Amino acid sequence: MMADMYAQLRANVHLLGSVLGETIFAEQGEEFLNRIEAVRKLSKASRNGDDDARGQMLAMLAELPDHELVPFASAFNQFLNLANIAEQHHSISRNCDELVCVPDPVEQLLNRLLKGKAKLEPQHIQAELEKLDIDLVLTAHPTEITRRTLIKKYTHLIDCLSEKENPQLSRLEKKRNQLRIRQLVAQIWHTDEIRDQRPTPVDEAQWGMATVEASLWQAVPEFLRQLSEQIQEHTGALLPPHVAPVKFSSWMGGDRDGNPNVTAAVTEEVLLRNRLTATRLYLEEINLLHSELSMSRCDDALRQEVGEVREPYRVVLKDLKKRLQRTQEYLEQRLDGYAPDNRCNSLIWQRSDLLTPLELIYHSLLNSGMHLIANGSLLDTIRRVHCFGCTLVRVDIRQSSDRHADAIAEATRYLGLGDYNHWSEEEKQAFLLRELSNRRPLLPHHWQASEETQEVLDTCRLVGEQSQEALGSYVISMAAAPSDVLAVALLLKECDCPFALPIVPLFETLSDLDNAASVMQSLFTIDWYLGYCRGRQQVMIGYSDSAKDAGVMAASWAQYRAQEALVEICRSADVALTLFHGRGGSIGRGGGPAHQAILSQPPGSVDSRLRVTEQGEMIRFKFGVPQVAVQSLALYTSAVLEATLLPPPAPKPEWRALFDEIAATSVEAYREIVWHDEDFVPYFRAATPEQELAALPLGSRPAKRRADGGVESLRAIPWIFAWTQNRLNLPAWLGAGEALKKAVEAGHRDTMREMFKQWPLFSTRLSMLEMVYAKAEPNLARYYEQILVPSTLHPLGEELRQRLQTGIDCILDLTQEQSLMELTPWSKESVALRHPYIDPLNFLQAELLRRCRKENDSAELQQALMITIAGIAAGLRNTG
Ligand code: PGA
């Protein structure tokens, strides 16, 4: 039954797999291919409990000669990538079945809102929809292991699979399609899958723009058209052109937290490049409109603008085109290092520069009875302008709080005022506020600051030189006190920033989350700050660092409570709060289905506004292909609308009390191991590829915040990545199971079952745990231990696996399921499909780690090791 449901998907997996097989056969010969096939079969058998098969497979892997390591790892890696392609295609396929593809979430929600218990008026829904402000922030986080060039080929394969579905293809077209698939698979097979150099921040930003250009640029107007039609069905009116519920920001080229490669010069280049891409895309649009809008009837407003001409629309468009061309030239010159001073009104620099002429012709068409024409390509362009502005994305700046404090401390020392870093919080605030209200600048012009401080100042100066539309917010990582926010405000003032850029504290440790509301409350008692923020405040919640600090269970509860308290504080200060969620892709970093995540936030915390990070491979999975992106946009829109209109219930006091207990036990259990067990760090270093990962040129930023730091300074991404590779997934569950068990033993089982059924936060937390438990492979982790970890540390490994089992038993007991993920058969199937390919990569990785660490470290071994890392990440659809 199950197999039938996935028949179409399986057929495509099979097709791509066999084309890959043919390609490998052609290059490596039959014997090699047979060995791959044998290992795959043995791997399957070993999974079904056949120990002989496992022994045989391990022997085959151990015997692989060096020159076969790379093709061997590549074969499994590419198979997994192709399986991902088939799966991604399936979610947009015409033959998609309902277990894999979500029915349109907006449609479903509208039905529920209009007809369900809520029985809302269509106009009310439309008004809410117009208020939505969802900002998806594309980060440059190093979680995309796949090379850009391969991503493009994978995307072409998806196009081929879509084309293949057309039953009307002629015989010749079918043949061409097959040939193209074979060509693409061959290109993939013969391309090195590992980057040979670290990307620069500018490269990263260019990749981000490539996604915008190749996918979002199409997807946004398509999604809005769809949304408009859905709304029109109920209200009879189109969605107004200015409504853009989802917009995009980016950290690419702007996030300098722990990344010395992102300098002011880099940010400036990225800002110019983003504009250039936008200008180029608008030029294409305007050319298209110019060819379409050859009409002559127009309204008075347009007539007044262009005079008596035969084709008034074209006159406006021609002028716009000229200005875009001038803008393009200007930007190219700036990027070539010239500073032409023709930055005058004639360039297209602000959203309104595009909107004014486009709206003029739009209204003229409407007023002249040409609705059909107005609401075609022209409406799409106008909608693009509302969403993408003149820069496609708004770039955020992010820097760590200590860098700002150090810069100010350097200045106070220079000025003989003492050392800012040694002052109390009250003294800091008093000083900052004095200086913020002072008309005279603090920093003398001739001051030669240290390189680090100069960089901070250069960035603030650059910010002040931009038009505000090009920028999002200034995010302060590791924020802990009101002075962290005021310090940035002072630095911006000192650099003559003429506008009030939103300054956003990012709270990302357990204690900082606990203090978040009181920090904001203090800020809201400061008149100067209230004047600065003008009734709006963004606060960022750090999911992965808090989980790394306290374990997932305690972190989730702290995040929830912090949000609740922030909602309260902002409400009483009459400040509109936007919560900015710094979620990673993987569950240990706060990832998981967006819909579920949004609906499990505290009541009142969404209120039409949401900012959330999207990172690396998740950008590809959710937004890499236009049709998939349309689905993702619909998902976000419906979730935010639902959380606003039908907020989840507030938890009962006894649920809160119990979660307090669970969180307290879990943070203790987590820290007992991660912080206090002396064997832990050596175990982590030996049992996972943590050290080797640092050599993988994934992103532009270093793996650690401090080059000489220990595990505490390791970024959350490589921390999770390392444990994902050895399949223990420890950061995503450690502490949780122990705490749940203790609560059950204390007699709370029934309450917990009730919480699971009725409280979205708790049920999401448990489902996420269930998912990571299902992906954990203690047997594989044990194998890593056997061959990589000194035997004195084995007892710790045993204990960790026991804790894992405790958690699994407890979850099954609470959810009353027989086996993990019973309620999500599709995810279960998808994981199962990949096992025979991932397992050999894991065994091989352990073997390669052993060889690299002990014997030799040849380029071939290194390369093969990197491919196993990429392959496991592809198989699990998660890097870190
Ligand atoms: P950060 O992000 O290390 O850049 O704060 C962590 C993450 O997204 O996991």
Side-chain angles (χ1 to χ4, degrees), residues 1-30 32-34 36-37 40 71 74-101 103-104 146 149-191 193 213-215 217-219 222 225-226 288 620-621 624-631 826 829-830 833-834 836-837 874:
M1 162 76 173
M2 203 56 93
D4 286 343
M5 281 189 185
Y6 306 122
Q8 184 69 32
L9 170 62
R10 284 178 175 282
N12 276 334
V13 172
H14 181 75
L15 167 78
L16 296 177
S18 43
V19 175
L20 178 64
E22 281 165 30
T23 315
I24 297 175
F25 175 84
E27 196 212 26
Q28 298 281 332
E30 189 174 7
F32 181 82
L33 186 63
N34 287 344
I36 300 264
E37 192 45 26
R40 191 182 66 84
S74 292
F76 283 88
N77 173 27
Q78 288 309 353
F79 180 84
L80 289 162
N81 277 301
L82 295 177
N84 287 347
I85 294 310
E87 212 173 289
Q88 198 170 23
H89 164 259
H90 196 64
S91 69
I92 51 172
S93 154
R94 283 166 200 282
N95 302 318
C96 181
D97 47 70
E98 63 190 27
L99 281 173
V100 184
C101 312
D104 185 89
T146 312
T149 182
L150 284 170
I151 292 176
K152 283 197 194 137
K153 301 183 204 322
Y154 296 144
T155 311
H156 287 155
L157 268 181
I158 294 187
D159 294 341
C160 290
L161 294 180
S162 298
E163 186 188 64
K164 193 166 96 33
E165 266 179 6
N166 179 353
Q168 275 155 5
L169 284 190
S170 68
R171 211 168 55 83
L172 189 67
E173 283 167 333
K174 273 193 198 144
K175 231 171 122 187
R176 290 265 157 82
N177 178 275
Q178 277 163 12
L179 183 65
R180 184 77 189 127
I181 292 179
R182 286 175 47 218
Q183 283 168 345
L184 283 166
V185 172
Q187 287 175 14
I188 289 165
W189 174 253
H190 290 284
T191 299
E193 50 268 85
E213 181 171 353
S215 174
W217 189 252
Q218 319 301 327
E222 175 54 37
R225 197 161 278 287
Q226 194 175 298
L288 172 76
R620 173 159 57 104
F621 294 152
V625 179
Q627 295 106 301
V628 177
V630 169
Q631 288 176 352
W826 159 241
E829 173 80 8
S830 159
L833 187 78
R834 293 147 198 272
Y837 294 89

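Note: hydrogens, waters and symmetry copies are ignored here, and every other heavy atom, side chains too, is used. Every value quoted in this text rests on a predicted model; they were computed, and no experiment measured them. We count residues from 1, following the sequence as given.
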Nearest 0.5 Å, what's the [atom1]-[atom2] distance between [X] and [Y]?
X: K152; Y: T146; atom1: NZ; atom2: OG1; result: 14.0 Å
X: S18; Y: F79; atom1: OG; atom2: CZ; result: 9.0 Å
X: H14; Y: L82; atom1: NE2; atom2: CG; result: 13.0 Å
X: Q627; Y: Q218; atom1: CD; atom2: CD; result: 10.5 Å
X: C160; Y: N12; atom1: SG; atom2: CG; result: 11.0 Å

Do [X] and [Y] have side chains that get closer than 4.5 Å, going by heavy atoms?
X: L80; Y: N84; answer: no
X: F621; Y: V628; answer: no
X: V625; Y: H89; answer: no
X: E193; Y: N81; answer: no
X: R180; Y: D159; answer: no
X: I188; Y: T23; answer: no

Y837 and F76 aromatic ring geometry - parallel, tilted or perpendicular at 30°/60° bounds: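 The arrangement is tilted - the two ring planes meet at 30° to 60°.
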Side chain to side chain donor-acceptor pair (under 3.5 Å) between N166 and E173, intermediate numbers included: CA-CA 10 Å; N166 179 353; E173 283 167 333; over 6 Å; no
Considering all heavy atoms, the nearest [X]-[Y] contact:
X: L833; Y: R10; answer: CD1-NH1, 3.5 Å
X: A75; Y: L20; answer: O-CD2, 3.8 Å
X: K153; Y: T191; answer: CE-OG1, 3.8 Å
X: V630; Y: A219; answer: CG2-O, 3.7 Å

Modelled atom types, side-chain donor and acceptor of D104 and Q226, under 3.5 Å: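 Result is yes, a qualifying pair exists.
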Check: E165/S93 side-chain N/O donor and acceptor closer than 3.5 Å: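 Note: E165 and S93 side chains meet the donor-acceptor criterion.
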Backbone N/O of A874 and side chain of N77: donor-acceptor pair under 3.5 Å: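 No, N77 side chain to A874 backbone: no donor-acceptor pair under 3.5 Å.
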Q631 side-chain N/O to S91 backbone N/O, donor-acceptor pair under 3.5 Å: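 Side chain of Q631 to backbone of S91: a pair is present.
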Qualifying residues under side chain to side chain contact (heavy atoms under 4.5 Å, CB included), relative to R176, sequence neighbours excluded: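 In terms of side chain to side chain contact (heavy atoms under 4.5 Å, CB included), with neighbours along the sequence ignored, R176 is linked to L172.
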Under the side chain to side chain contact (heavy atoms under 4.5 Å, CB included) test, residues paired with L33 that sit two or more places apart: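 L33 satisfies side chain to side chain contact (heavy atoms under 4.5 Å, CB included) with I24, F25 once adjacent residues are dropped.
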Electrostatic pair R225:E222 at N-O distance under 4.0 angstrom: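 Salt bridge between R225 and E222, a charged N being under 4.0 Å from a carboxylate O: no.
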Candidate pair L184 and Q187, rule side-chain contact (heavy atoms from CB on, under 4.5 Å), full reasoning: CA-CA 5 Å; L184 283 166; Q187 287 175 14; 3.8 Å; yes
Sole residue of E27, Q78, Q28, E22 in side chain to side chain donor-acceptor pair (under 3.5 Å) with W189: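 Exactly one option meets the side chain to side chain donor-acceptor pair (under 3.5 Å) with W189, and it is E27.
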